[in-house]
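Chain letters run A, B, ... following the sequence lines, proteins first, then strands; residues in each count from 1.
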Amino acid sequence: MATVTRRGFLSLAGIGTAGVLVGSELGFDLAQATQIKQQLRIAGATEAHSVCPYCAVGCSIIAYTRKAADGSVKVLQIEGDPDSPVNEGRLCPKGATAMQLATSDRRVEQPLYRAPGATAWQKMSWDDMLDKLAHRIKDSRDRTFVATDKKGNLVNRTDGIAFAGGATFSNEEGYLAAKVMRSLGLVYLEQQARV
Amino acid sequence: MTNHWRDIKNADVIMINGANPAEAHPVGFQWFMKAKLDPTKGPGSGGGAKLIHADPRFSRTSAVSDMYLRIRTGTDVAYFGGLINYVIQNNKYHDEYVKNYTNASFIINKDYKFKDGLFSGYDAKKRTYAVETWAYDNEPGPDKYAKRDESLKDPHCVFQLIKNHYSRYTPEMVQTITGIPKEDFLKVAQIVGEMGRPDKVMTIVYAVGLTHHTTGSQLIRSAAVLQLLLGNIGRPGGGMNAERGHANIQGNTDNAISWEILPGYLKVPLPGQKTIEDYVKVSASKRLLGISWNFFGTNYKKFIVSLLKTWYGDSANKSNDFAFSYLPKPAGNSSWMTIYDQALQGKMEGVMLSGMTAASIGPDSNQVLTALSKLKWLAVMDPFPTTSSEFWHASGLNPADVQTEVFMLPTTHWIEKDGSFVNSGRWMQWKDQVIPPVGDSRHDHWIVAELFHRVKALYQKDGGKFPDPIVHLTMDYKDPLKPSLDEIAREVNGKDLKTGKRLATFAKLMDDGTTTSGNWIYVGSYPEKGNMAKRRKGVQDPAKNDPTGMGFYPEWAWTWPLNRRILYNRASADMSGKPWDPKRAGIAWNGSKWVGDVPDYPPKMNPKDPKAWLPFTMNGEGVARLFASSMLDGPIPEHYEPVESPVKNALHPDMSASPTAFLYDKAAKRENRFGTPDEYPIIATTYRLTEHEHYVTQQVPHLVQLQPEPFVEIPTALANERGVKTGDMVRVRSKRGKIEVRAVVTNRVGQLDLGGKKVYQVGIPIHWGYVGIAAEMHPEKSKFWMANNLTPFVGDANSRTPEFKAFLVQIEKLA
Ligand code: SF4
């Protein structure tokens, strides 16, 4: 992450005071006014580079954040990155509203468990959740593991567990998932390429 | 994509099939418009690139296209086949390219036949082909090199077989099958024909409108065959360009969260392969000509050994064949639909879903819901509730009866973690972690790592089935429970174990266990000099950052393989190394080395050397395949009707649909779930809207405001017949289920005239379900909002991709 200094219009707007505005010939320069407003909004902000989470055009975005006194980090603005040869600063309605996804208050914030036949979720700690799930994985693996198939071939596979996902995994997360799942013997591995 | 987004501006003609980039990939579409508005581009003497859009629906892409063709969904093989026929019959193909860069001259086994809609070798009981008769004829001698006839006259050579095969695809036949009027088709054919000139180039762009069919793989191949005949593969402004739908779907295909491959497109090992030697023998392509490099086949062993070494470290060594036995060998197809098919059969116990919701994705969501309710457990890793985490109280299911245990593991979102996304053009772009995780949510990779460690601890404590690959898996991260994505990126790149240094090219990988790489195509993404995906030399200084002016921007991020921006780019130059079009060079031989893009060729190999490798260095043939015996449903693309279709196949009515499409319900002896045209006379297709991304955007208020409710787009004439007006509620049913949504009556979808038979097509956007903001506002209505309630549970023979894009429905107005 870098502190905002680089982008041209900001250095221009950096001297932005009311004096600059009246200085323009028409007495009011909308472009500059917009820049100044932007500047106030993101003054002293931290600039981070990201990529739109939606489609595979892969538009680059710049996210501005500011750290509050209590240490929390707030996203101030997300916009298209003008330097990118892919999108040259442009975003579609999805990318342009990425901030609402980033700051959504609709997230699931703690692990939830639904027992067989239950009609509601119950909250569960991560520790209990991962413990339970690890047991399920081991039990299903041990129950459905095929070491040697009917023809006598060594196959060492887990037939009863599937893993699917990852279209918005970071590349490296996806790699780790494939590495771990194959090593658990899974052959049912799938993501969103087909569907 | 063989090429990339910005490269589309280099094209003279842009053919768009099964895609709507103006709405589904809007920012990528700017490069289409740049080509269109560039007066130096286009057929003839310029005037801007021509856009040709063939689609069931007139969309915003059609609105700016030079030609719009209303095509019946799923019939693009007939369209491309007609163009192939036109190009061959009128000698419009790129002769030198076809002769030297494709397998046109290769002689095929004399027993190869195609008759009445079937290729030789069909087994009706198994619904599969034996492919022996599709093979090349060999020269005598130990090398078994392929026999060729460079005059292309031998009746058994590929060129003649292709020519003969497509002679049936006349403009009249194209009209009867696709519904495209003959006159319009011929206008397109003329424009396309010009693209066989060496100084002209066309790109073909497609999306899931081509893949989501029981003939999906062949739909794409038919377009590729056309591109090869025109000499347009490997060239800037050319290629076959798949617009992918999700931020990192490309990267996670590369990394093989996909049953049939290991990272880097290595084939998954199969039962009966006892050793790496067995595996390589079956999986790697063989050198079929003396001057074919066969790079992939030749180096296959290095890639698999380096992968095993990465995963199993010291436990993978020569004495145990690098732990080859640790890799699971699947019994057969293990793809998306097979997972739920196995669950329906009671054989699948647990499913883990991450950022992917089975219930909405379908196909045949009702059947998928039944499948989910037969699981012992379901784990959903997602930042938001999904139709899968909530499936147990979906309409039609009584929670008390659903015995599936459900785990909802809240994960972080893209902006709460770093790592790279690989876009459709294979550009690997790093992103920062911008904000910390919300609430108690966790990174997916930390969940996976910790789950793994807990499972491992259980095996170490209690024992169990074959714990070896679990206890020996390398987790060489500073904190194995919380690996950083930077560490993993370095692992993927790989290193030389003797020096400990990371590698800059896969040419350095070894098959003796002295190198590692988690994915050979990513070697060079993170060499000793740093993370290449972070590079940012972009359009802030085009003169400096795009030295060739072709839009490669070689120091913006990184592209696999080896930062090559255009795949197969050796084919962008003629035999002597001169670019086909010097104004649009991919690479060029300057007398001592190749310059331009990163060459797909040895950088200093003189093309004039008679022993110089052929241009398609990855293939055993050294050239591209017009005829491909590796396809399971035929070596030459043939038109088959969708499994649900209102008409019989005009080419061979008795072999109407694909004879090899995989019919899950039939194979498992479940009840038939296909409808017939008398009950369901209307063709339906599904599609996506600009304002939504699959299902996650149902959580984004602005986007829900922009597109608040589901609908079905109905042609005016059909709406008049049924007395339906825009805004009316209608029920759309298929044999499998129903949706109840508003009608939008438009002329964007229309009627087709198929040789005297009138048919209607309707379009249904996929984005709604019983979860999200809109669903909360309409809890009752949203029970019947999932488009995939309607779609059929059937797959393409090669990829098992479901037929989301062509099926039959009936529509009624609701009171
Ligand atoms: S901004 Fe739009 S076009 Fe760009 S990556 Fe995001 S969804 Fe795709």
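- The choice from B:Met381, B:Gln30, B:Gln429 that makes the most heavy-atom pairs within less than 4.5 Å of chain A is B:Gln30.
- Between B:Glu416 and A:Arg107 a salt bridge is recorded (basic side-chain N to carboxylate O distance below 4.0 Å).
- Neither the backbone nor the side chain of A:Thr158 comes within contact range of chain B; no heavy atoms are under 4.5 Å apart.
- Annotation: cation-pi pair A:Lys132/A:Tyr113 present, NZ/CZ under 6.0 Å from the ring centroid and within 45° of its normal.
- For chain A, the nearby part of B:Lys376 is the side chain; its heavy atoms alone come within less than 4.5 Å.
- With a 4.5 angstrom heavy-atom cutoff, A:Met181 touches chain B only via side-chain atoms.
- Both the backbone and the side chain of A:Asp127 have a heavy atom closer than 4.5 Å to some heavy atom of chain B.
- Looking at A:Ser104, only its side chain comes within 4.5 Å of chain B, counting heavy atoms on both sides.
- With a 4.5 angstrom heavy-atom cutoff, B:Ala489 touches chain A via backbone and side-chain atoms both.
- For A:Ser183, the parts lying under 4.5 angstrom from a heavy atom of chain B are both the backbone and the side chain.
- Among the candidates B:Thr801, B:Asp440, B:Thr474, B:Leu327, the residue making the largest number of heavy-atom pairs closer than 4.5 Å to chain A is B:Asp440.
- For chain B, no part of A:Ala96 is nearby; none of its heavy atoms comes within less than 4.5 Å.
- Interface remark: of the candidates B:Pro542, B:Gly795, B:Gly538, B:Gly538 forms the most heavy-atom pairs closer than 4.5 Å to chain A.
- With a 4.5 Å cut-off on non-hydrogen atoms, B:Lys417 touches chain A through its side chain but not through its backbone.
- Note that the OH atom of A:Tyr188 and the NZ atom of B:Lys347 stand 8.0 Å from one another [nearest 0.5 Å].
- Of the two parts of A:Ile78, only the side chain, counted from C-beta on, holds a non-hydrogen atom closer than 4.5 Å to a non-hydrogen atom of chain B.
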Practice prompt. Decide yes or no on ring-ring contact (aromatic ring centres under 6.0 Å, His included) for B:Phe552 and B:Trp556, but give the supporting numbers first.
Written response: CA-CA 9 Å; B:Phe552 299 150; B:Trp556 177 272; over 10 Å; no
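- B:Tyr522 and B:Asp254 are linked by a side-chain donor-acceptor pair at a separation below 3.5 angstrom, with hydrogens and angles left out of the test.
- Top candidate by heavy-atom pairs under 4.5 Å with chain A, chosen from B:Val696, B:Ile470, B:Val208, is B:Ile470.
- The candidate with the highest count of non-hydrogen atom pairs below 4.5 Å against chain A, out of B:His702, B:His4, B:Gln403, is B:His702.
- The contact between B:Trp377 and chain A is made entirely by side chain atoms (from C-beta outward), counting heavy-atom distances below 4.5 Å.
- For a residue to count as touching a neighbouring chain, one of its non-hydrogen atoms must lie under 4.5 Å from one of that chain's; by this rule A:Asp142 touches chain B with backbone and side chain alike.
- With a 4.5 Å cut-off on non-hydrogen atoms, A:Ala118 touches chain B through its backbone but not through its side chain.
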